[in-house]
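The structure under discussion appears below in the form of structure tokens.
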Amino acid sequence: MQMTPEYVDQMQWHQTLGFARQVCARVFRDGGAPADALKAFGLGSHAATVKDDWSKAVEIIAEVMCAPGQRRAA
């Protein structure tokens, strides 16, 4: 079960998870791996931690998007 980070509004977290799932689904559809989805967000340094775990990739992307001070578009 995924937990909402303490610093994030619950509604924002669920919306961000949905967006991260959509991005990962597109990468998967195009034959990519979870590490490829992370690289698309500039998170290549986390690629080794996901291996073939799409749910972990979705969670990492959502956490970064919800992090305080993040204003970069993907």
Side-chain angles (χ1 to χ4, degrees):
M1 181 175 176
Q2 293 176 336
M3 300 289 293
T4 305
E6 291 180 19
Y7 58 86
V8 178
D9 177 82
Q10 192 171 14
M11 180 61 76
Q12 178 189 12
W13 177 248
H14 287 289
Q15 289 176 336
T16 306
L17 276 178
F19 178 73
R21 284 185 188 117
Q22 286 179 343
V23 170
C24 287
R26 288 179 185 161
V27 172
F28 176 78
R29 182 192 64 207
D30 293 339
D36 298 322
L38 291 174
K39 289 175 188 173
F41 279 86
L43 302 171
S45 61
H46 296 283
T49 63
V50 295
K51 299 185 184 181
D52 288 327
D53 188 355
W54 282 101
S55 62
K56 183 69 175 170
V58 167
E59 193 172 313
I60 290 171
I61 291 168
E63 284 178 14
V64 169
M65 290 178 63
C66 287
Q70 291 294 332
R71 299 201 185 259
R72 259 183 19 193

Rounding to 0.5 Å, atoms CG (Leu38) and SG (Cys24) come to a distance of 7.0 Å
If you define the side chain from C-beta out and look only at heavy atoms, does anything of Val50 sit under 4.5 Å from His46? no
Identify the heavy atoms of Ala35 and Ala47 that sit nearest to each other, and give their distance. CB-CB, 3.6 Å
With the side chain counted from C-beta on, respond yes when Pro34 and Lys51 share a heavy-atom pair under 4.5 Å apart, and no when they do not. no
Atom CG of Asp52 with >12 non-hydrogen neighbours under 6.0 angstrom: no
Report yes or no: does Asp9 contribute a side-chain atom to a donor-acceptor pair with the main-chain N or O of Met11 at less than 3.5 Å? yes
Hey, are the side chains of Val23 and Phe41 touching, using non-hydrogen atoms and a 4.5 Å cut-off? yes
Heavy-atom closest pair, residues Met65 and Phe19: CE-CD2, 3.3 Å
Which residues, ordered by chain and number, are linked to Val27 in its hydrophobic cluster, where ILVMFWY side chains connect at heavy-atom gaps below 4.5 Å, directly or through other members? Phe28, Trp54
What distance do Ser45 atom OG and Lys39 atom NZ have between them, rounded to the nearest 0.5 Å? 11.0 Å
Does any part of the side chain of Thr16, heavy atoms only, come nearer than 4.5 Å to the side chain of Ile61, both counted from C-beta? no
Gap between atom NE2 of His14 and atom CD of Gln10 - 0.5 Å precision: 4.0 Å
